[in-house]
Amino acid sequence: MSERASVLEVKHLSAHFETEQGIVRAVDDVSFSVKEGETVCVVGESGCGKSVTAMSVMGLVQTDVKGDLFFKGKNLAELSRGDLRRVRGNDLAMIFQEPMSSLNPVLTIGEQIMEPLLVHHPYSKKQARHKAIELIELVGIGRAEQIFKSYPHQLSGGMLQRIMIAIALSCDPDMLIADEPTTALDVTIQAQVLDLLRTLQEERNMSMLLITHDLGVVAEVADFVVVMYAGKVIETGTVHDIFASPKHPYTKGLLYAKPVLGNRTKKLYTIPGQVPNLVDLTPSCYFHERCEHAMDICREKMPTLKLEDRQHVACWLYEKEVKG
Amino acid sequence: MSQSPLIEVKNLKKYFTQKSSLFDRKPSPVKAVDDVTFTIEEGETFGLVGESGSGKSTIGKSLIRLHDISEGTIKYRGIDIHNKSKKEMRSLRTKMQFVFQDPFSSLNPRIRIGDALAEPLLDHGLVTKDRVRDKVKEVMEICGLPSYHIDKYPHEFSGGQRQRIGIARAMVMEPDFIVADEPVSALDVSIQAQIINLFKELQEKKNMTYLFISHDLSVVEHLCNKVGVLYLGSMMELTTRDKLYENPLHPYTKALLSAVPIPDPTKRRERIVLKGDIPNPANPPKGCKFHTRCPFTEDICLKVQPLFKEVEKGHYVACHLV
Amino acid sequence: MENIPQIPRQMEPKVEVEGSKSSLWGQVWRRFIKRKMAVVGFLFLTMIFVFSFIGPFFSPYTTMGTNPINAHQPPSSAHWLGTDHLGRDVLTRLMLAGRISLTVGLGAMVLSVSIGGILGILAGYYRGIVDQIVMRIADVLMTLPGLPLLFIMAAIMSEWRVPAEHRMYIVMIMLSLIGWPGLARLIRSQVLSLREREFMLATDALGLRDRRKLLNHLLPNVVPILIVTATLSVGGAILSESVLSYFGLGVVPPTASWGNMINAANSLIDFTNRPWLWIPPGVAIFVTVICINLLGDGLRDAIDPNMKGR
Amino acid sequence: MGRYILKRLAYLIPTLIGASILIFFLYSLVPGNFIDGDPNLTAERKAELYALYGFDQPTIVRYFIWMGNLLTGDLGFSLQFQRPVTEVLNNYIWSSFIVAFASLFLTWAIAVVVGVISATKQYSLYDAVITILVFAAMATPSFFLGLIVIKYFAVDLGWFPAGGMTTTGADYTGWEHVKDVLEHMILPVLVLTMLGIGGLTRYFRTNMLEVVKQDFVRTARAKGLKERVVIYKHALRNALLPAITLFSFELPALFSGAIITEQIFNWPGIGAIYMQAFTVRDYTLLMGFTMFIAVLTVISNLIADILYGLADPRVRVK
């Protein structure tokens with residue numbers, strides 16, 4: 001991969017939520033970057049903070065978010081509300097998991113596609129309308145004129161997700177954030193949407209940050225992978241390295257817990273126990289309770305991301321001073 | 001082979017009629033299940049696969065009479081369960097059970113899990129009051145739940161643990177047939193693996209028979225030994241697991257298998273991407289229901305609904321071209 | 001996939017042993033304490049109850065003792081709230097009136113919640129004809145305007161020559177006859193939505209008897225809503241009783257109720273120059289009902305945080 | 001569409017019949033009678049009047065006569081006013097209507113604005129104050145509020161007339177008369193508004209809070225729309241939708257008159273007339289009025305459904 005400029009650099013991103021039980025560190029010191037035209041997948045199980053990370057980049061989180069978000073040179077974290085708004089939906093767009101509830105039920109599809117066009121560009125209503133019809137066709141929906149006038153409840157999940165993509169691409173963004181875009185879709189529709197996303201990305205050399213829990217989707221779409229667990233990044237690397245030689249025990253566990261078409265195993269490998277409660281976690285490797293390689297140091301100190309071959313991994317198994 | 005199969009389903013049909021609302025003339029009934037026939041042998045795990053609107057959940061619920069059916073017969077050990085009186089049905093209930101999909105809404109939040117598990121035993125008089133607590137602890141341990149959790153409320157458990165409670169509840173009366181309606185889809189991968197292994201252990205230990213309903217083809221491949229593929233309420237293909245995964249015949253099954261993303265970047269293969277959307281179950285396409293999305297449609301497919309015929313030994317397909 | 005040990009060590013999950021705190025009502029109480037406004041409401045309400053039910057024992061003035069000599073006295077050290085046209089101490093009467101109004105409020109609540117609750121549960125659970133009949137009756141009752149219906153009932157019951165001190169039971173019956181349809185409809189919709197929940201389907205799958213499904217599964221889930229609705233309906237009942245008594249159709253003198261005490265405002269002189277006669281009972285109603293609503297609201301959040309603010 | 005409305009109308013008939021039976025028999029149980037109430041009538045005169053008005057018939061027969069007339073639109077003959085009930089109603093309803101309409105308009109206007117703003121500013125001081133005021137408004141006994149308002153604004157401060165619709169004795173005409181009535185309306189409208197504002201504000205606040213949590217509001221923000229547009233175009237339109245049904249339920253209140261407030265302010269509306277008719281037991285007027293309100297209530301339920309169907313595309317467009 002030639003060294004391309006990075007479109008987005010996330011540096012020490014943290015998002016903490018006050019709840020009745022205490023402070024939940026949903027995202028805790030997360031750093032990664034997305035290069036131009038590259039697809040980075042953030043993967044992890046529910047509660048690992050992958051969605052909050054995506055929402056924080058878009059500034060859609062209702063709690064104070066610390067850390068820097070360099071997007072095309074500008075630090076989104078320091079932008080005024082007005083400037084951030086001018087970036088959102090324009091250079092940086094987002095699509096969500098539940099297409100059925102992500103569109104306003106009482107406004108027509110066309111009106112909701114035109115909105116970003118009219119806000120971010122000096123289009124007239126007529127031009128915006130024409131562009132919207134074009135976008136509907138671009139995302140592979142026939143009878144665009146009729147769809148333009150219809151309401152969200154008249155369309156299927158797959159079609160609504162395509163409309164969401166149309167809305168996101170309306171101002172030709174440099175980066176698209178997709179938060180579990182196909183999780184709520186049936187497998188044949190998911191294949192269509194993933195295909196669409198990949199072709200659009202290649203045509204526009206658009207970089208993409210895709211959030212998912214499905215390793216199949218990661219293998220399908222990703223160039224670079226960021227694995228998260230309990231609010232922290234535990235491993236990053238190119239998709240080939242991560243799948244060929246996973247380093248962190250959790251990544252390995254994830255890879256071998258999922259039954260894979262074509263290679264049958266007698267008994268699935270399981271990661272015992274469950275995700276720890278994110279409230280008042282003591283400094284340690286949060287995975288130590290479920291890890292069979294757990295050592296004493298894992299229970300006392302939190303490992304940091306270290307370079308190991310071409311991947312980064314946060315695990316004491318790979319720390320120099322421990323191994324020596 | 002025992003004489004009659006454990007479960008026999010013949011020409012099962014289930015139509016839902018919608019109430020007339022303000023603006024639509026005469027709402028056509030939704031054919032959720034449209035003439036489905038299959039059998040499940042003792043000790044078998046029958047996989048029912050299909051996308052949304054395929055009717056798999058409706059079939060699951062009909063098999064243990066959680067709701068009534070429009071036409072056809074469902075026999076359990078030769079007994080037609082849908083023309084039994086409510087009282088007779090009650091005793092049959094101990095023989096067949098159901099595991100629900102959503103761990104968070106399938107447990108009564110206001111009852112301790114120990115009582116929830118003891119209740120069916122007491123209500124059916126299977127166990128006396130003094131011995132019921134031990135029986136509950138025993139079934140909890142089998143399902144991988146430490147028995148000291150017996151007096152806790154559902155909100156104190158994680159999703160995975162709650163699903164174990166749901167399974168324990170289905171197992172407590174020692175039925176010989178369980179319908180599992182997407183039991184792992186709401187769980188994360190690592191927890192999913194634990195529950196799948198549990199299903200397999202229980203089958204080996206207790207010689208259980210399952211109807212396993214799922215939209216996840218890789219999970220079905222792992223667990224089931226016979227698989228039926230549903231589309232818009234009709235069975236498209238039905239055969240053993242090996243034949244289906246190694247030699248799928250129906251275009252829809254082929255497309256389904258090729259659409260499943262494989263967690264291996266080296267295997268990014270060309271796949272059959274079906275065009276169009278799943279049609280509205282309220283007015284399914286004429287002829288073969290799949291013709292609107294099938295890459296090999298011919299004009300016969302538009303007019304005549306294909307017969308569900310045995311193309312090879314133990315391999316049924318509903319397609320004109322096979 | 002080479003270096004993955006196939007048989008992982010089966011780790012024992014961390015044991016969280018906090019048995020006691022797990023009881024549901026313990027949790028409700030912990031959430032309730034956090035709602036300051038509701039706690040304030042609750043404290044004021046207990047004060048009002050103490051004022052009404054225990055207050056009179058401390059008051060030097062006999063309840064019915066009238067001595068016209070010191071009638072119409074303004075508030076003084078002897079009579080903190082002055083005296084009325086029959087020379088009775090207004091403060092003591094306010095306490096006694098409190099007893100009546102609160103009892104009527106609670107009584108009407110208990111009656112309407114039990115009628116409405118039972119009919120609502122039966123209609124929601126059995127649906128079919130039961131549902132049709134109950135809802136039809138409720139519809140018809142609800143088409144009639146509330147107040148006129150109360151007047152009609154009051155007139156009908158006045159003929160039964162009920163002694164003054166038993167009038168309040170009549171008022172309770174009247175209020176519950178108006179109140180139950182609304183409650184029945186609310187409980188019915190709650191039961192209908194509960195019935196679709198998966199854990200109720202599970203009771204069908206387990207083949208449990210109706211009795212057990214209703215008592216062990218449905219009721220415990222309806223109780224929280226019942227408690228909140230009941231609390232809030234006490235406020236409504238007190239307000240309605242005061243309206244009726246003000247118009248002389250509810251509790252009639254000599255029995256005192258906050259409503260009929262305000263009736264003193266009908267004579268022009270008392271209205272303009274002797275506000276201590278009719279303002280305190282009005283304020284008493286106002287404060288009591290506010291506290292009840294605060295308590296009810298706090299209870300709703302504490303019992304079922306995701307219950308929509310009805 | 002027509003077919004559905006016909007079905008719903010047919011569906012209402014039994015409810016109305018049930019209401020009419022209930023009304024007729026409840027009133028027949030009420031002791032006392034207009035004729036007996038009049039002391040200077042001799043016994044035979046009373047018997048004559050009984051026969052004239054058909055009171056001597058058995059209740060069932062009287063019910064069917066009353067229903068018969070009702071179907072032809074004749075609500076019966078008011079004994080007290082010696083005029084058809086419809087005429088009496090027509091005479092007094094409109095003075096109730098203007099007060100009810102004014103307070104309805106004010107209540108809704110304020111409630112929407114205050115409720116929506118306090119939802120967008122949740123947990124702020126403004127929201128806390130509004131919540132307390134809402135609780136206060138919902139806890140005030142209606143007649144007591146009237147008395148307090150009269151005591152301070154009319155009696156002590158003397159800013160407004162204490163009651164009645166026009167200044168007694170002065171027979172203004174035209175614009176003067178209107179100004180005079182308006183001045184008399186201020187206090188009753190103020191009271192009715194304060195009574196209604198609590199529940200409605202809370203309703204809009206809760207609705208708004210519910211809608212603001214929805215996914216499509218987050219999508220609107222992700223599009224880079226101004227917060228104002230997100231709240232007042234996307235969220236508000238969805239929050240107001242269910243309010244349409246609530247608005248149609250206010251229809252009967254417009255005509256039924258506020259019995260208590262009219263009594264306190266002795267405002268010559270239909271509410272006050274009802275009370276008066278009640279004391280003299282003028283049954284035909286009472287039954288006619290109550291039935292009129294029942295019909296209005298039932299119709300407003302139907303209108304509520306139809307309006308909601310038109311407003312919500314999910315129902316209108318299949």
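Remember, it's a predicted structure, so these values are computed and weren't measured experimentally. In what follows, every chain begins at residue 1, and chains take the letters A, B, ... in the order their sequences are listed.
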Notebook entry, point to check: Got a second to check how far D/Lys223's NZ is from A/Leu117's CG, nearest 0.5 Å?
Noted result: 10.0 Å
Notebook entry, point to check: Which atoms form the tightest heavy-atom contact between D/Leu225 and A/Arg85, and what is the distance?
Noted result: O-CD, 2.9 Å
Margin query: Looking at A/His121, I want to see if its NE2 is surrounded by more than 12 non-hydrogen atoms of other residues, nucleotides or ligands under 6.0 Å.
Written below: yes
Item checked: For D/Pro313 against A/Pro105, the heavy-atom pair lying closest together -> CG-O, 3.6 Å
Next item on the list: For atom CZ of D/Phe249, decide whether the heavy atoms of other residues, nucleotides or ligands shown that lie under 6.0 angstrom number more than 12.
Entry: yes
Checklist line | Which portion of A/Arg86 sits near chain D, non-hydrogen atoms under 4.5 angstrom | finding: neither
Item checked: Side-chain touch D/Arg218/A/Ser102, heavy atoms, less than 4.5 angstrom -> yes
Next item on the list: Apply side chain to side chain contact (heavy atoms under 4.5 Å, CB included) to A/Glu9 and list each qualifying residue two or more places apart in sequence or on a separate chain.
Entry: A/Ser6, A/Lys11, A/Ser33, A/Phe70
Next item on the list: Flag the one option from A/Asn90, A/Val119, A/Leu107 with the top tally of heavy-atom pairs under 4.5 Å to chain D.
Entry: A/Leu107
Notebook entry, point to check: Just wondering, more than 12 heavy atoms not from D/Phe101 lying within 6.0 Å of its CZ?
Noted result: no
Notebook entry, point to check: Which residues from residues 161-182 of chain A are near chain D, with near meaning under 4.5 Å between non-hydrogen atoms?
Noted result: A/Met164, A/Ile167
Check: What residue, out of D/Ala235, D/Ala222, D/Ala311, has the most heavy-atom pairs lying under 4.5 Å from chain A?
Finding: D/Ala222
Check: Can you tell if the side chain of A/Gln112 reaches within under 4.5 Å of the side chain of D/Phe216, non-hydrogen atoms only?
Finding: no
Check: Hey, does the side chain of A/His153 reach the backbone of D/Val315 with a donor-acceptor pair shorter than 3.5 angstrom?
Finding: no
Check: How about D/Lys233: does its NZ atom have over 12 heavy atoms from other parts shown lying under 6.0 Å from it?
Finding: yes
Next item on the list: Evaluate whether atom OH of D/Tyr126 has more than 12 neighbouring non-hydrogen atoms of other residues, nucleotides or ligands under 6.0 angstrom away.
Entry: yes
